[in-house]
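These numbers come from a predicted model, not from an experiment. Residue numbers start from 1 in every chain, and the chains themselves are labelled A, B, ... in the order their sequence lines are given, proteins ahead of strands.
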There are 2 protein chains.
Amino acid sequence: MIAIGEASRQSGVGIETIRYYEREGIVPKPARAANNRRLYTARDVGRLRLLKRCRALGFSLADAKTMLDLAEQGSDDCPAVKALAEGHIAEVRRKITELERLEAALQELTRNCASGNVSCPMLAELQDA
Amino acid sequence: MIAIGEASRQSGVGIETIRYYEREGIVPKPARAANNRRLYTARDVGRLRLLKRCRALGFSLADAKTMLDLAEQGSDDCPAVKALAEGHIAEVRRKITELERLEAALQELTRNCASGNVSCPMLAELQDA
DNA sequence: GCTTGCTCCTGTAGTGACTACAGGAAGTAT
DNA sequence: ATACTTCCTGTAGTCACTACAGGAGCAAGC
């Protein structure tokens, strides 16, 4: 049974974030010592680590919580995990496409910009439309 | 001089968003009619449209405001516009790279997931680390 | 025994860029 | 006169934290 600072170090999740997850019901409330301080088990740290990894993969906190629930069930519901992940992959791809579109538009707008220009073609273009 | 609803229609910026931009000092406070309703000029609508386009290109509201200020100056400071845009392009590319990294990681994690699996290799992988 | 410094506690407010009301007043159409 | 629409102000909610404020407890050194 370790304190929150140690749980934070072991999981890589910030102390304030751990307390936030608890408030939001993402992780169960941990045990408390006689002095009211939170006490974490290795399993609690495992939960935090799973959340950390899911967040690093870009899952929303809600989806990360779903992953955690799936892992907790012990049934290891592979199809559900796969569906969640594939939905997320689709979302990531959608974002990539959108950003590439933006990049192309920005490139096009700056194409005619030169340091010597008296009036800016990009501004002109932005003000038209 | 048009009302806020019409300015919203002409610019594509939502009514609540227009009032938000005013509150935040992004656009100047418009004229008011005797009945206290906001009155917008064609120039006001032009400002909103420029903001709209910058936001659609992914610029932060702060950067969009800078663009607007550059356009207002009339000097059409092309180098400044170009610098802003190129900084933003770099940011967009950074995001694309990051998302591609995420996608690859997700693909790798789901690669061994099959509907028939008893235990989920993705969950197992996520819980290791 | 006392001070210093660390960790912990609760509760609140701030971030970005809106969006969604609540509750009311004024204008327009029938 | 009534119904409908638009407008007003002000506040709270979104997401996922992050940053305090203000206090309590505990360990180590003097």
Side-chain angles (χ1 to χ4, degrees), chain A residues 1-27 29-41 44-45 47-68 88 91-92 95 98 102, chain B residues 1-27 29-40 44-45 47-68 87-88 91-92 95 98 102:
Chain A
M1 301 289 259
I2 56 177
I4 195 169
E6 186 57 27
S8 172
R9 271 183 294 277
Q10 287 184 20
S11 65
V13 178
I15 289 176
E16 311 264 19
T17 306
I18 294 175
R19 288 198 279 246
Y20 167 73
Y21 285 172
E22 180 187 335
R23 258 197 325 276
E24 295 298 301
I26 307 296
V27 294
K29 287 177 193 283
R32 293 278 184 152
N35 57 13
N36 196 36
R37 296 188 173 194
R38 291 170 178 82
L39 291 175
Y40 294 89
T41 63
D44 289 323
V45 173
R47 285 197 190 95
L48 291 171
R49 257 207 296 254
L50 177 59
L51 288 174
K52 172 92 182 171
R53 301 206 73 202
C54 287
R55 296 286 300 129
L57 286 167
F59 286 98
S60 71
L61 190 52
D63 282 354
K65 160 109 173 100
T66 302
M67 280 288 191
L68 183 58
H88 184 48
E91 177 71 8
V92 168
K95 281 186 188 161
E98 170 70 4
L102 286 189
Chain B
M1 301 289 259
I2 57 177
I4 195 170
E6 186 58 26
S8 172
R9 272 184 293 277
Q10 287 184 19
S11 65
V13 178
I15 289 176
E16 312 265 18
T17 305
I18 294 175
R19 288 199 280 247
Y20 167 73
Y21 285 171
E22 180 186 335
R23 257 196 325 277
E24 295 299 301
I26 307 296
V27 294
K29 287 177 192 282
R32 294 277 185 152
N35 56 15
N36 197 35
R37 296 189 172 194
R38 291 170 177 82
L39 291 176
Y40 294 88
D44 288 324
V45 173
R47 285 197 190 95
L48 291 171
R49 255 205 299 250
L50 177 59
L51 289 173
K52 173 91 182 173
R53 300 205 73 202
C54 287
R55 296 285 300 127
L57 286 167
F59 285 99
S60 71
L61 192 51
D63 282 354
K65 160 108 171 101
T66 302
M67 279 289 192
L68 184 57
H88 184 47
E91 177 70 8
V92 168
K95 281 187 188 160
E98 170 69 6
L102 286 189

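- You'll find that the side chain of B/Glu16 is closest to C/dC21, out of C/dC9, C/dC21, D/dT18.
- Between the CD1 atom of A/Ile4 and the P atom of D/dG25 there is a distance of 18 Å, rounded to whole Å.
- Within residues 57-66 of chain B, no residue has any heavy atom under 4.0 Å from DNA chain D.
- With D/dT11, D/dA24, C/dA26 as the candidates, the nucleotide lying closest to the side chain of A/Arg37 is D/dA24.
- Each of B/Arg19 and A/Tyr21 was assigned the nucleotide of DNA chain D with the nearest heavy atom; the assignment lying further toward the 5' end belongs to B/Arg19.
- For the pair A/Glu24 CD and D/dG13 P, the interatomic distance rounds to 13 Å; values are reported in whole Å.
- Counting to the nearest Å, the P atom of C/dG16 and the OH atom of B/Tyr20 are 8 Å from each other.
- The pair B/Glu6-B/Arg9 counts as a salt bridge, with a side-chain nitrogen and a carboxylate oxygen less than 4.0 angstrom apart.
- Per the geometry, NZ belonging to B/Lys29 stands 14 Å off C1' belonging to D/dC8, to the nearest Å.
- Between D/dC17 and A/Arg55, a contact under 4.0 Å exists linking OP1 or OP2 to a side-chain N or O.
- Looking only at atom types and distance, the side chain of A/Asp63 has no donor-acceptor partner in the side chain of A/Thr66 under 3.5 Å away.
- Taking 4.0 angstrom as the limit, B/Thr17 places a side-chain polar atom (N or O) nearer than this to OP1 or OP2 of C/dT19.
- With axes fitted over five pairs at each extremity, the angle between the ends of the helix from C/dG1-D/dC30 to C/dT30-D/dA1 is 20° (10° resolution).
- A/Asp44 has its side chain out of reach of A/Val27: every pair of non-hydrogen atoms, C-beta onward, lies at least 4.5 Å apart.
- You'll find the side chain of B/Cys54 reaches within 4.5 Å of the side chain of B/Leu50, heavy atoms only.
- Looking only at side-chain heavy atoms (C-beta outward), A/Glu22 and A/Arg38 come within less than 4.5 Å of each other.
- Contact annotation: A/Asn35 side-chain N/O to D/dC26 OP1/OP2 distance is under 4.0 Å.
- Using a 4.5 Å heavy-atom cutoff, the side chains of A/Leu68 and A/Tyr21 are not in contact.
- Rounded to an integer number of Å, the gap from CD1 of B/Ile15 to P of D/dT5 is 14 Å.
- Of the side-chain N and O atoms in A/Arg38, one or more sit less than 4.0 angstrom from OP1 or OP2 of C/dT10.
- Across C/dT10, C/dT19, D/dC7, the shortest atom-to-atom separation from the side chain of A/Asn36 is found for C/dT10.
- Regarding contacts with the backbone of C/dT10, a side-chain N or O of A/Arg32 is found under 4.0 angstrom from either OP1 or OP2.
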